[in-house]
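Beneath this line is the structure, given in C-alpha cells, with notes to follow.
Computed from heavy atoms alone, side chains included, the values below leave out hydrogens, waters and symmetry copies. Note on naming: letters A, B, ... go to the chains in the order of the sequence lines (proteins, then strands), and numbering restarts at 1 for each one. Treat the numbers as computed from the prediction; the structure is a model and nothing was measured.
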2 protein chains.
Amino acid sequence: MGKDHARAGRRYTQALKTFADTYRQDLFESVLPFWMRHSIDQEHGGFFTCLDRDGTIYDTRKYVWLNGRQVWMLSRLYNQVERRQEWLDAAREGALFLRRHARDAEGRCYFALTREGAPAAFQRKPYGAVFMMIGLLEYSKASGEQWAREESEALFASIRRWIAAPGLLGRPSLPGSPRFSQLADIMVVLSMALELEAGEVIRECMEAAFRHVEPNRGILIENVPPAGENLLDLPEGRLFCPGHAVEVCWFMLHALRHHPNAAAQERVLQLMENSLIFGWDEDYEGLHYFMDIQGRPCLQLEASLKLWWPHTEAIYGLVYAYTLTGEAKWLRWLERVHTYTYRTFPDREHGEWYGYCDRYGKPTHTLKGNNYKGCFHVPRALLFSIQRIEEASHGNVRTD
Amino acid sequence: MGKDHARAGRRYTQALKTFADTYRQDLFESVLPFWMRHSIDQEHGGFFTCLDRDGTIYDTRKYVWLNGRQVWMLSRLYNQVERRQEWLDAAREGALFLRRHARDAEGRCYFALTREGAPAAFQRKPYGAVFMMIGLLEYSKASGEQWAREESEALFASIRRWIAAPGLLGRPSLPGSPRFSQLADIMVVLSMALELEAGEVIRECMEAAFRHVEPNRGILIENVPPAGENLLDLPEGRLFCPGHAVEVCWFMLHALRHHPNAAAQERVLQLMENSLIFGWDEDYEGLHYFMDIQGRPCLQLEASLKLWWPHTEAIYGLVYAYTLTGEAKWLRWLERVHTYTYRTFPDREHGEWYGYCDRYGKPTHTLKGNNYKGCFHVPRALLFSIQRIEEASHGNVRTD
C-alpha cells in the first residue's frame, strides 16, 4: 500500500489545511469577537453568557461554570496563541469575580450569581467548581499570580471529595436511588488531572472510563453500576450521549500522549468510531443528543434536538484521530461532520454559533449563549483543531 | 340577534354532541384500557407510568405525583361514572402503596420510589404531596375509608406551609435568588381547595392568580415579583406557558361556579382567549410549550416542542367557555384545537396519546407515559368535557 498511502497522505494534508483555514477564520473573525464584544461586564466584572443572536443580554446573571470556562479560554489564548493584553485583562476580570463571589462559606461553588455577584442558585453538582478550578489554573499561568494556582489546587482536592461523597453537596442518599459511575464525573476529573499533569489520577480515570464500555456496541455509555449490579432496566443505565462519548475519547487520547500505550490507543479509537456510527442520525444527519441503547424512550424531552457541542467535540476528536493515524476513514468522518456542522450552526451575520437546532437542523433558539453555552466549546475545539493541524503540518505528528 | 342566535345555538349543540362522542370513545375504548392493561403493578401495588408505545415498561420506578393522579382519576371514575369494581380495586392498590411508601420521616413526599417502594428520588417541590393529597381525598369518597380523608387533609396543611416556606423542603434561600409568586403553586393550591371546598383559600387563590396578569397582552404569566419589584430582565419574569395559563383559567371558572361574579368571569374568559391567541403557533398550529413574552430566548431547551397536556387543557377550557357563554368564537377555537390535537397526539394502533411532538407535530418520543405523563391529563380532560357537554344537553348549563 506504500505508494497509494503516501499519495493519500499528501491529499489529506491539503484537506486538513483547508479545514484549519476555516477554523482560524471562524475563531478569530467570528467567535472570539462575539464574546469579546458582548460578554464582558465592564462594570461588575465577570461574564454575561445569556446573549441573544446579536449579542443582546437577555439574562444578567453570571453562571459560575461558564465564567470559569471563559477564564480558561482567554488565558489559554494568551498563553498559547498571542500575548494579547485584552485577553489577559478580560480573564483577570473573570478570575477576580469568581474569587470574590463564587463560593459559599464551606467553599462550595454556587451555580449562578446575580450580575453584582450575590448568590442566585446552588446546584448539587461539582461542575461549577470544576471549571473555576481549570480557569484559575490557566489564569495563573497567564498572569503568574500564585493565589490562582493555590486556589485551583485546593478546589481540585475538594472536587475529588465531592464526587466521592455527593452528600457533601447536599444530595440526599436514598436507599432506592440507583448507584452508578457517571461518565461526566470521570471526564471532568480527567480534564482537571490533565491540566495538573497528575499522573496517578489520570491512570485511575482511564480505568474508570473503560468500565463505561457497553459491550454489545463497543460504545461509551453514561452510567454504569458497580460490578455485579444491573442498571439496564432503568433509562439511566441505557443512556448514550454521542457527543459526550466522543469528548471522553479525545480526552483519553490526550492522556495517552503522556503515557503511550498502543493497545489502549487502538481501543479508544474504536470506541470513538463506534460512538460516531451509532450516534449519527442517518435520516437527517448530525449527532443525536441523547439515545437509549435499546431504542427505548429517553426521559429527556430535549433528546431529539441537535446541539452544537457534540459537533465541536467530534470535529476535534476526528482531527486528532486522523492526524494520529493517517487513516482515510477519519478524514471521511471529519468531512461529514464538518459539512453538517458548518451548514447548521454558525451564524454568518452576527458571529458565533447557534446552540440548539431541531432534528432537521433548524434553530429552535436564537440564542448564542445561555446557562450551558458560553465562550468554551466552540473556541476550544477550533483552537485545538488549528493547533493540532499546525503540529501535523510541521511533521510533529503522524498524518500518513 | 334573537333568531340567528337561536339557530346558531342548535347547530353548536350538535357540534358539541359530536365532540362528546369522540371523547367518550377515546376515553373508554383507547385511553382507559391502555392504563388499566399496562400500568397496574399486581405484584407490589402502585402504578407504572413509564410505558412505551405498546405499553412495554421501560422504567420500573413509581412516581409519587403520577401515582396520586391515577388514584384520583380512577376514584373519580368510580364516583361519578360507574361503580366499576376494577377501578376501585386499582385505586386502592395505588392509595395503599402511597400510604406505605411515599413519605419520609418528616412527612415530606418523595418524587420517585423503586418498584418495591424504596425511596429513589427527592424533589424540593411540593407536587408529589399535592397529587397524593388529591388522590387520597377522592379515594376516600370512593371507598369510604376515613384514614384517606384524614391523611389528605393533613397533607393539605403541610403543603400550604411548604409553599409559604420552601426552605422546609430543603430549597436554599439565597440573597440573589429572585423572589416571585409561581402560577403553578397557585394552581395546585386552588385545585386542592376546590376539592376540599375551602372557600377562603379559593378566594385567596383567585386574587393571587389575577396578580399574574401581564398587563400589555392580558395573559397569565408564570412568575411575578412582589409589588414594586421588577423581574422582566430575567427569563423567569418573561416566561409564558400557554397550556398552564389556560388550565388556570378553567380552574378559576370552576371556582367562580361556587362564588358567582360576572365581572371576574368575563375577565377570566378574556385571559383565556388572549392566552390562546398569543400561545398558538400560527406557522405550524398547536400551542407552544414555553414562550418569552418579549420574544427573547427561553432557557428551556424543550420550549419548541408541542406537548399533549396544553391541548387537553385547552379542549376542556374551550368546552367550558362555550357551554358557559354560547359565543361562537369559543366553538371556533374548540374546533381548531380539537382538529390539531386529534390529528397529532392519539395513537390509534396501541391506544392513549403520544406526549411529545416536535414543532411540526411529529412525535419525538414513542412513549405513552414517563415521569411527567401518566393516567391524568388525557382522561381528566375527556371525562370533564363529556360531563360538561352532557350537563349542557340536559339544559343545566347555558349553551346559547
For R179(B), is it the side chain, the backbone, both or neither that has a heavy atom under 4.5 Å from a heavy atom of chain A? neither
If one checks every heavy atom of Y372(A) against chain B at 4.5 Å, the contacting part turns out to be neither
Using every non-hydrogen atom in the two residues, find where C50(A) and L299(B) come nearest and quote the distance to one decimal. SG-CD2, 4.2 Å
By a 4.5 Å heavy-atom criterion (distance strictly below it), what part of Q300(B) contacts chain A: side chain, backbone, both, or neither? backbone
Would you say R296(A)'s side chain and I57(B)'s backbone share a donor-acceptor pair under 3.5 angstrom? yes
Proximity breakdown for S177(A) and chain B, heavy-atom pairs closer than 4.5 Å: both
Sub-4.5 Å side-chain heavy-atom contact between P235(A) and R61(B): yes
For the student: nearest non-hydrogen atoms of L301(B) and L305(A), plus distance: O-CD1, 3.4 Å
Just give me the residue among T56(B), D59(B), T114(B) that pairs up with chain A most often, heavy atom to heavy atom, under 4.5 Å. D59(B)
Go through T364(B), N370(B), L234(B) and name the one with the most non-hydrogen pairs under 4.5 angstrom from chain A. L234(B)
For D292(B) and Y58(A), does a side-chain donor sit closer than 3.5 Å to a side-chain acceptor? no
D358(A) versus chain B, heavy atoms under 4.5 Å apart: side chain, backbone, both or neither? side chain
Chain B interface, residue from P297(A), A120(A), A303(A) that has the most non-hydrogen pairs under 4.5 Å: P297(A)
Residue selection (most heavy-atom pairs with chain B, distance under 4.5 Å) from E116(A), E236(A), R53(A): E236(A)
Let's go through Y356(A) and E302(B) carefully: what are the C-alpha distance in whole Å and the side-chain angles of both, what is the deciding distance for side chain to side chain contact (heavy atoms under 4.5 Å, CB included) to 0.1 Å, and is it a yes or a no? CA-CA 10 Å; Y356(A) 305 90; E302(B) 65 274 27; over 6 Å; no
Return the minimal non-hydrogen interatomic distance between F122(A) and L174(B), and the atom names on each side. N-CD1, 3.7 Å
If you look at every heavy atom in G176(B) and A118(A), which pair is closest and at what distance? CA-CB, 3.9 Å
Please state whether the side chain, the backbone, both or neither of R238(A) comes within less than 4.5 Å of a heavy atom of chain B. side chain
Before you tell me yes or no, could you show the steps for L367(A) and C298(B) under side chain to side chain contact (heavy atoms under 4.5 Å, CB included), namely the whole-Å CA-CA distance, both residues' side-chain angles and the distance that decides it to 0.1 Å? CA-CA 9 Å; L367(A) 63 86; C298(B) 287; over 6 Å; no
Between Y360(A) and R359(B), is any pair of side-chain heavy atoms under 4.5 Å apart? no
